[in-house]
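Side-chain atoms are counted along with the backbone in the values below, which use heavy atoms only and exclude waters and symmetry mates.
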Amino acid sequence: QEKRAIFADSGYMAEKLKVECRRNGLYYGVIERRVRGQSKLRKKQIKKNKRIASIRAIVEYPFAILKRVMKYTEARYRGLYKNRQHSYLLAAVYNIIRMKSLLAQQA
């Protein structure tokens, strides 16, 4: 059976979404934050947040490289088409750079 999940930061935390995900058989991997009246997170919430953050870090790393190294912090062109093509090109360049470093590790 295929396992499906949703991972996001705490900006997407919503009880309604959590219930809907569980109803549809999705793992709700959204970082939890304190809610009104809660002085600090429970130990269970902290443990879950660390597990989710470790998964999200793998996915967020390429975006960090695009932002910091390639300085892609904002759209440069007018129109969605040109900006989409530019982001595809940057992703391809990232993959080439990454492949080069992976091949160097194998040798």
Side-chain angles (χ1 to χ4, degrees):
Q1 177 177 324
E2 181 183 349
K3 296 204 178 222
R4 301 181 321 169
I6 291 177
F7 291 95
D9 63 16
S10 62
Y12 294 94
M13 189 177 109
E15 192 63 33
K16 184 179 177 183
L17 180 60
K18 189 177 192 176
V19 170
E20 190 173 327
C21 285
R22 287 183 176 166
R23 189 179 318 126
N24 292 320
L26 293 170
Y27 174 75
Y28 183 74
V30 177
I31 300 283
E32 293 188 33
R33 65 176 182 273
R34 291 183 307 117
V35 293
R36 193 175 296 136
Q38 186 179 11
S39 61
K40 58 184 180 178
L41 291 174
R42 297 185 314 270
K43 288 182 181 181
K44 184 178 178 181
Q45 288 174 311
I46 292 170
K47 187 177 177 180
K48 182 181 177 188
N49 281 353
K50 283 183 181 180
R51 191 172 66 240
I52 293 169
S54 68
I55 294 168
R56 288 189 68 232
I58 296 167
V59 176
E60 293 292 332
Y61 182 74
F63 295 108
I65 297 299
L66 288 174
K67 283 183 170 181
R68 292 187 191 128
V69 177
M70 298 180 176
K71 302 198 184 334
Y72 185 62
T73 57
E74 57 188 41
R76 301 188 193 281
Y77 303 103
R78 209 179 276 197
L80 292 175
Y81 179 77
K82 287 181 182 178
N83 283 298
R84 186 180 309 122
Q85 298 306 311
H86 185 228
S87 64
Y88 290 160
L89 180 63
L90 289 174
V93 170
Y94 169 79
N95 285 334
I96 291 169
I97 293 168
R98 181 76 176 127
M99 186 187 320
K100 183 179 173 183
S101 69
L102 289 173
L103 289 173
Q105 287 176 0
Q106 275 186 337

Using a 3.5 Å cut-off and no angle test, enumerate the donor-acceptor pairs between side-chain atoms of residues 89-107 and protein atoms at least two apart in sequence or in another chain.
| from | atom 1 | to | atom 2 | distance (Å) |
| --- | --- | --- | --- | --- |
| N95 | ND2 | A91 | O | 3.4 |
| S101 | OG | R98 | O | 2.9 |

Heavy-atom closest pair (I58 atom, P62 atom, distance to 0.1 Å) is O-CD, 3.6 Å
Output for pair (Q45 CD, K40 NZ), nearest 0.5 Å, gives 12.0 Å
Atom pair CZ (R22) and NZ (K18), whose distance is rounded to the nearest 0.5 Å:
4.5 Å
Where is the tightest heavy-atom contact between R4 and L26, given as atom of each residue plus distance?
CB-CD2, 3.3 Å
When rounded to the nearest 0.5 Å, the distance separating CD of E60 from CG of L66 is 11.0 Å
Residues two or more places apart in sequence or in another chain: which of them pass side-chain contact (heavy atoms from CB on, under 4.5 Å) with R78?
none
Checking R68 now: which residues fulfil side-chain contact (heavy atoms from CB on, under 4.5 Å) with it, not counting sequence neighbours?
A64
Those residues that, when tested against Y27, pass ring pair (Phe, Tyr, Trp, His ring centres under 6.0 Å) (two or more places apart):
F7
Rounded to the nearest 0.5 Å, how far does NZ of K48 lie from CD1 of I52?
4.5 Å
Applying ring pair (Phe, Tyr, Trp, His ring centres under 6.0 Å) as the test, list every pair that has at least one member in residues 35-82; sequence neighbours left out.
Y72-H86, Y77-H86
Nearest heavy-atom contact between T73 and K67 is CG2-O, 3.9 Å
Shortest non-hydrogen contact from C21 to I6?
SG-CD1, 3.5 Å
Could you work out, with side-chain contact (heavy atoms from CB on, under 4.5 Å) as the rule, every residue matching V35, not counting sequence neighbours?
M13, Q38
Taken to the nearest 0.5 Å, the spacing of I31 CD1 from D9 CG works out to 8.0 Å
